[in-house]
Amino acid sequence: MTVNEESTGEEHGTDEENLKRSPISSTTDNAEPNVGNSKATEDFTTWQRIIRLDAVRMNAEWIPYSPSQANVTEEMAEELAMSVGLKDDDHLEPCRQHHAARLVSILEAYALFDPETGYCQGMSDLLSPFVAQLDEDYQAFWCFVQFMNTARHNFRLDETGIRRQLNKISSIFKVADPHLYSHLESIDAQDCYFVYRMVVVLLRRELTFEQTISLWEVIWAEKRAAEVRHLRNSSWRKSKKKSYIRDDLILFVIAAAVRQKRKIIEKCKGVDEILRECNSMAGNLDLWLLLDDARDLVSALHGRIPD
C-alpha cells in the first residue's frame, strides 16, 4: 500500500465536479463495492457495520464550533439518518444524529474510493472535525481524502506504518531521556505501544476539539514547510540551520506528552499502568506547552536520531 496515493489534478477536478453535482449518498441498497468478487462485498459489508457503530458513538464536543449544524431540524436529521441506514440512533439529539449520518455517508464513500484502506476504527475520529467545519459533504470528503493521503499508513493491517512511528518515539526517548527509556526497557515497554492510540488518531482523543484543529494546522504547516525546504538550495538551508523542520512533528509532540508524566511513569510497574496514565491525559493537556517541548526535542535531537 502506498502512503501517498494522489490522482492527477485533472482527475480530481472531474471527480470533485461529479461529486458536487451529485451529493454523497450511501445507503445499504446503493452503496456497493465497485468490484465483482465476494471478498470485496464481504469487506464492504463489514465496514458498513463498523462505520455505523462508530458514527453513533461520536461525542458532541464539536457542536459549539458549528452553529449551522447544531441547529439542524429533527426532520432533516431523521431523513438523512434513514437515507444512510443509520441504526441505534434513537438516543441522539437531532444535530448529533445528523452528524452521525454524514459520517456514515462520507466514510462509506471513502471506503469505495480507497478499498485498499477501506475503513478501520479511528477514521471516524479523524473525519469528524472536517464534517463539523464544512457543511457540504463533497468538501468534507475531499479534505478527508487529502488528509488520508498522509495518514492512511496508520490503518494498514500489517501495522508497518504504526510500528515505524512507534520505533521513532522509542528512539526519541532513548536519546533524549535515557533514564525514562531504561525504565521502559525494565518493564518491557520500550516498544511504546502504550501511545498506539495517540499515533493512530493523531492525539484526537487526548485533545479538545479546538486543540485538535490547532495542532493539525501546525502539522500541515510543518509538512508544507518541509516540502518547501527541499526545493531550496543548500545555502538557504544552511542559513536556516537553527530552524529545524520535521514532517513527523506529531511524534515529538506525543513524546513530549509522555515526558511530562515521566515522574509518574517511572514508578509504573507494567505497561497497563503506563497506558492508564496516558489515557488520563485526555482533556488535560496544554497544547502550546506541548508544542514548545516538542520543538525543544526536535532541536536537541537534530542529527542524533534517524529521519
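Annotation: Glu79, atom CD; neighbour count of heavy atoms from other residues, nucleotides and ligands within 6.0 Å does not exceed 12. By the 6.0 Å contact criterion, CD on Glu159 is enclosed, its count of non-hydrogen atoms from other residues, nucleotides or ligands being greater than 12. Within 6.0 Å of NE2 in His179 there are 12 or fewer heavy atoms belonging to other residues, nucleotides or ligands. Within 6.0 Å of atom NZ in Lys174, 12 or fewer heavy atoms from other residues, nucleotides or ligands are found, so the atom counts as exposed in its surroundings.
Following chains of ILVMFWY side-chain contacts shorter than 4.5 Å, one can reach Ile172 starting from Val175, so the two form part of one hydrophobic cluster. There is a path of hydrophobic side-chain contacts, each under 4.5 Å, that joins Leu207 to Met58. Taken together through direct or relayed side-chain contacts under 4.5 Å among Ile, Leu, Val, Met, Phe, Trp and Tyr, Trp220 and Val218 form part of one hydrophobic cluster. Leu134 and Met123 sit in two unconnected hydrophobic clusters of ILVMFWY residues. Membership requires side-chain heavy atoms under 4.5 Å apart, directly or through other members. In the hydrophobic cluster analysis, where Ile, Leu, Val, Met, Phe, Trp and Tyr join through side-chain heavy atoms closer than 4.5 angstrom, Val104 is grouped apart from Val72.
Residues forming a side chain to side chain contact (heavy atoms under 4.5 Å, CB included) with Asp286 (at least two apart in sequence, or on another chain): Trp288, Leu289.
Counting all heavy atoms, side chain and backbone alike, Lys269 lies closest to Ile187 at O-CG2, 3.8 Å. Leu290 approaches Gln260 most closely through the heavy-atom pair CD2-NE2, 3.5 Å. For Asp191 against Leu166, the heavy-atom pair with the smallest separation is O-CB, 3.6 Å. Of all heavy-atom pairs between Leu297 and Ala256, the closest is CD1-N, 4.0 Å. The two residues Leu80 and Arg102 make their nearest non-hydrogen contact at CD2-CG, 3.7 Å. Here the closest heavy-atom approach between residue Ala189 and residue Phe194 is recorded as O-CE2, 3.3 Å.
A donor-acceptor distance shorter than 3.5 angstrom exists from the side chain of Asn154 to the backbone of Val199, with no hydrogens or angles considered. Arg156 places no side-chain N or O within donor-acceptor distance of the main-chain N or O of Ile162, the cut-off being under 3.5 Å. Looking only at distances, no side-chain donor or acceptor of Arg96 sits under 3.5 Å from a matching main-chain atom of His91. The backbone N or O of Ala55 lies less than 3.5 Å from no partner atom in the side chain of Ser124, so there is not a single donor-acceptor pair. In this structure, the side chain of Thr45 engages the main chain of Thr41 through a donor-acceptor pair within 3.5 Å. With Ser214 contributing its side chain and Glu210 its backbone, the two residues share a donor-acceptor pair below 3.5 Å. Between the side chain of Thr150 and the backbone N or O of Phe147 there is at least one donor-acceptor pair closer than 3.5 Å.
Residue Leu107 forms a side-chain contact (heavy atoms from CB on, under 4.5 Å) with just one option from Phe144, Trp47, Phe141, and that option is Phe144. Of the candidates Trp62, Trp216, Tyr65, Tyr65 is the only one forming a ring pair (Phe, Tyr, Trp, His ring centres under 6.0 Å) with Phe209.
Two residues are said to be in side-chain contact when any heavy atoms from C-beta on lie closer than 4.5 Å; Leu291 and Leu215 meet this criterion. Two residues are said to be in side-chain contact when any heavy atoms from C-beta on lie closer than 4.5 Å; Arg197 and Asn279 meet this criterion. Two residues are said to be in side-chain contact when any heavy atoms from C-beta on lie closer than 4.5 Å; Ile250 and Glu222 fail this criterion. Arg262 is not listed as a side-chain neighbour of His183, based on a closest heavy-atom distance of 4.5 Å or more. Considering only heavy atoms from C-beta on, Val271 stays 4.5 Å or farther from Asp188 through its side chain. Residues Leu127 and Tyr110 form no side-chain contact, since every pair of their non-hydrogen atoms from C-beta on lies 4.5 Å or further apart. In this structure, the side chains of Phe155 and Leu126 come closer than 4.5 Å at one or more pairs of heavy atoms. Pro129 has its side chain within reach of Arg204: a pair of non-hydrogen atoms, C-beta onward, lies under 4.5 Å apart.
Judged by distance alone, the side chains of His99 and Ser128 do bring a donor and an acceptor atom under 3.5 Å apart. Judged by distance alone, the side chains of Gln69 and His98 never bring a donor and an acceptor atom under 3.5 Å apart. Of the N and O atoms on the side chains of Gln48 and Glu108, at least one donor lies less than 3.5 Å from an acceptor on the other residue. When only modelled atom types and interatomic distance are considered, Tyr181 and Asp177 share no side-chain donor-acceptor pair under 3.5 Å.
To the nearest 0.5 angstrom, Leu203 atom CG is 12.0 Å from Asp125 atom CG. To the nearest 0.5 Å, atoms CG (Leu184) and CD1 (Ile265) are separated by 7.5 Å. Considering CD of Gln165 and CG of Asp248, their distance stands at 8.5 Å, rounded to 0.5 Å. How far SG of Cys143 is from CD of Gln133: 10.5 Å, rounded to the nearest 0.5 Å. From Asp90, atom CG reaches atom CD of Glu78 across 9.0 Å, with rounding to the nearest 0.5 Å. In this structure, CE in Met148 is found 5.5 Å from OG1 in Thr117, a value given to the nearest 0.5 Å.
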**Request:** Begin from the C-alpha positions of Lys267 and Glu273 and carry the test salt bridge (Lys or Arg N to Asp or Glu O under 4.0 Å) through to its verdict.
**Result:** CA-CA 9 Å; Lys267 296 178 182 178; Glu273 291 184 29; over 6 Å; no

**Asked** Would Arg57 and Asp54 satisfy salt bridge (Lys or Arg N to Asp or Glu O under 4.0 Å), going step by step from the backbone distance to the final call?
**Response** CA-CA 5 Å; Arg57 293 170 181 165; Asp54 288 351; 3.7 Å; yes

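Aromatic pair Trp142/Phe113: ring centres closer than 6.0 Å.
Between Tyr193 and Tyr196, the ring-plane angle classifies as parallel under the 30° and 60° cut-offs.
Here Arg259 does not pair with Asp293 in a salt bridge; the nearest charged N to carboxylate O distance is not below 4.0 Å.
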